[in-house]
Amino acid sequence: MKLNLTSLEDKKAWEGYKLFNYNHKEIEENTKARPQWIHFGAGNIFRIFPAGLCQKLLNEGLMDTGIVVGEGFDGEIIDKIYAPHDNLTLGVTLKANGTIEKEVIGSVMEAVKCDPNSQNEWSVLESAFTNPSLQMVSFTITEKGYALYQPDGNLFKFYVSDFEKPLKDASMFLCRLTRLLNDRFNSCKSPIALVSMDNCSHNGEKLRNAITTIAKTYQEKGELTKEFVEWVSNEDCVSFPWSMIDKITPRPDQSVANMLKETGFEDTEAIITSKNTYIAPFVNAEEPQYLVIEDRFPNGRPALEKSGVYLTDRDTVNKVEKMKVCTCLNPLHTALALSGCLLGYTLIADEMKDEDLKKMVMRLGYVEGLPVVVNPQIIDPKAFIDEVLNVRIPNPFMPDTPQRIATDTSQKLSIRFGETVKAYIAENKDLNELKVLPLVYALYLRYLLALDDEGKPFTLSPDPMTTTFQPMLDGITLGSTGDFEKQLQPILANEKLFGLDLNGTIVGSKVVAYFTKLVSGKGAIRSTIHEVVTK
């Protein structure tokens, strides 16, 4: 069994696999003639989630065009995964009961690199953008993909370089996207929705700010017109809906590949591209998934609500995002990531077998978070957290690691925990009720020492602020004693890190007290966590 259209003709060979039921050739022709949906970001989350949503609509006869996917960062994905497999993906859903569901997803009709130097591929995008039929362009390019400016407020050097060139020679994806939008303006001026599906707050706003900044920059250079800038800035013409996406999609796992091989599926080899993308002909992911989108599509849209997407207003999207990020999922993940790295775990699911860690995240979610949760109404916060703690995180078949989740922790603490502290203060709640939350802050500081609970060195996950905060802990090591308050003050004062200045607060005092215990010697992390969750 090979993953290509020819192999799929032998339906008997694919017993046990869910296959699409639409006429692929017909859908492909329709897509070329009147594209409705382009997606940028050809990685794993897209291949099993948005592409899977489109497949559901195609199977049910609710769409008659597929997706054109473009890749603006890692062209090897197109050449090594899409092209050899006729743009097909094998989606593997890892269920908590140990079973797997296998579906061949065929909704991608064209896959191209977003590179004007690849003229044949670029012309596919130009043709689609200049066609009035195009309704939406969606994105999974990661939060970093929208950033024009460094934390110090200066442009990234690659944008400095691009802005010195003509737009046609720009190398950054968002500059190329702006060029395609200008093509649409000059050809048909039809409205369009640009839908970020990336896992970051106010994602539509981030995309809008980036595109309008680029457009204005090239207007000042005399390359783009005032009329184009006005068009792309008018959300009745070009909308930037906000969204919230939630689905855990780890790297391709060898145990999943082995299960597939046993059924006769041959294309199981994963590749690591030169840009360090981990990808394979199959995508493994958890079963639960959520996508909430602001219903703002000035040129119409597919019937996304019939594929399981929540269509709502911007305020509700924002509330769902806050519910997930500040209370019901992300804080729990970060707590497990830091403690898991320090206690030697390599699988998130295994941490839920640890009674101390299980109690830790249950208290963090139900006792400390839910009292100030933002309730979006369309999703019940308690039911959501029930699923997270009872189904999603404990799923033993999800090959997700604390080391992956610990990536960029410094960028997450202020939102995932600081918002809860601020809500307690705003609602005049007793900060003494927060026990696990300050423990997580202290675990982050202890994590920066890069020594586990046995005193053995380990490698910190990538994080842009490690080189800033780690030197501030110089001189502190396992077994250190004394009053650390003065040395920790500059870190605790960092509002970007924690969401507010913790000095002088009950939370800050607890962080210092916990940190003192955590560095006291071998086994101190385990004993401190146990003490906090059993009191």
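These figures come from a predicted structure and were not determined experimentally.
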Mind checking what makes salt bridge (charged side-chain N to carboxylate O under 4.0 Å, His left out) contact with [X], not counting sequence neighbours?
X: K80; answer: E76
X: K382; answer: D386
X: K422; answer: E419
X: D354; answer: R526

I'd like to know whether the aromatic ring centres of [X] and [Y] sit less than 6.0 Å apart in this structure.
X: Y441; Y: F498; answer: yes
X: F484; Y: F515; answer: yes
X: F458; Y: Y447; answer: yes
X: F40; Y: F46; answer: no

As a quick check of understanding, evaluate side-chain contact (heavy atoms from CB on, under 4.5 Å) for T89 and F282, giving each step before the final call. CA-CA 6 Å; T89 290; F282 67 92; over 6 Å; no
Do Y149 and F156 pass the side-chain contact (heavy atoms from CB on, under 4.5 Å) test, and can you show the C-alpha distance, the side-chain angles, and the key distance before you say yes or no? CA-CA 5 Å; Y149 295 94; F156 280 109; 5.7 Å; no
Rounded to the nearest 0.5 angstrom, the CD1-OH distance for I491 and Y444 is 8.0 Å
CG (N44) and OG1 (T277) are apart, to the nearest 0.5 Å, by 9.0 Å
*Take atom CD of E269 as the centre, draw a 6.0 Å sphere, and report whether it contains more than 12 heavy atoms from other residues, nucleotides or ligands.*
no
Any donor-acceptor pair under 3.5 Å linking the side-chain atoms of [Y] with those of [X]?
X: Y146; Y: S196; value: yes
X: N258; Y: S255; value: no
X: R416; Y: T334; value: yes

Output, in order, the C-alpha distance, side-chain angles, deciding distance and verdict of side chain to side chain donor-acceptor pair (under 3.5 Å) for D198 and T140. CA-CA 5 Å; D198 276 297; T140 49; 5.4 Å; no
Of all pairs that satisfy side chain to side chain donor-acceptor pair (under 3.5 Å), the ones with a partner from [range], not counting sequence neighbours:
range: residues 396-412; answer: D400-R404, S410-D463
range: residues 495-514; answer: D501-N503
range: residues 467-493; answer: none

Could you please spell out the steps behind the salt bridge (Lys or Arg N to Asp or Glu O under 4.0 Å) verdict for E531 and K517? CA-CA 11 Å; E531 179 185 345; K517 292 182 178 181; 2.8 Å; yes
Among residues two or more places apart or on two chains, list those pairs meeting salt bridge (charged side-chain N to carboxylate O under 4.0 Å, His left out) that have a residue in [range].
range: residues 150-165; answer: D162-K165
range: residues 320-337; answer: none
range: residues 445-458; answer: none
range: residues 281-290; answer: K95-E287, E286-R392

Decide yes or no on side-chain contact (heavy atoms from CB on, under 4.5 Å) for M360 and V532, but give the supporting numbers first.
CA-CA 8 Å; M360 178 181 72; V532 172; over 6 Å; no
Only one of R208, R314, K319 passes salt bridge (Lys or Arg N to Asp or Glu O under 4.0 Å) with E294, and that residue is R314
Residues 313-365 vs ring-ring contact (aromatic ring centres under 6.0 Å, His included), sequence neighbours excluded, gives none
Scanning both residues in full, the closest heavy-atom pair of S520 with A524 reads OG-CB, 3.4 Å
Shortest non-hydrogen pair, V325 vs N330, comes out as O-CB, 3.5 Å
Practice prompt. Examine distances only and state if a side-chain atom of T528 and a backbone atom of I525 form a donor-acceptor pair shorter than 3.5 Å.
Written response: no
side-chain contact (heavy atoms from CB on, under 4.5 Å) test vs Q289 passes for just one of I245, D246, L53, namely L53
Residue pair E235, R296: steps toward the salt bridge (Lys or Arg N to Asp or Glu O under 4.0 Å) verdict = CA-CA 9 Å; E235 291 220 29; R296 191 179 183 111; 3.5 Å; yes
* Asked: Do L148 and I214 have side-chain heavy atoms sitting under 4.5 Å apart?
  -> yes
Margin query: Using the rule given for side-chain contact (heavy atoms from CB on, under 4.5 Å), can you reason through L445 versus V519, listing the C-alpha separation, both sets of side-chain angles and the distance that settles it, and then say yes or no?
Written below: CA-CA 10 Å; L445 299 178; V519 300; over 6 Å; no
Check for me whether K247 meets the cation-pi criterion with Y290, that is, NZ or CZ under 6.0 Å from the six-membered ring centre and within 45 degrees of the ring axis. no
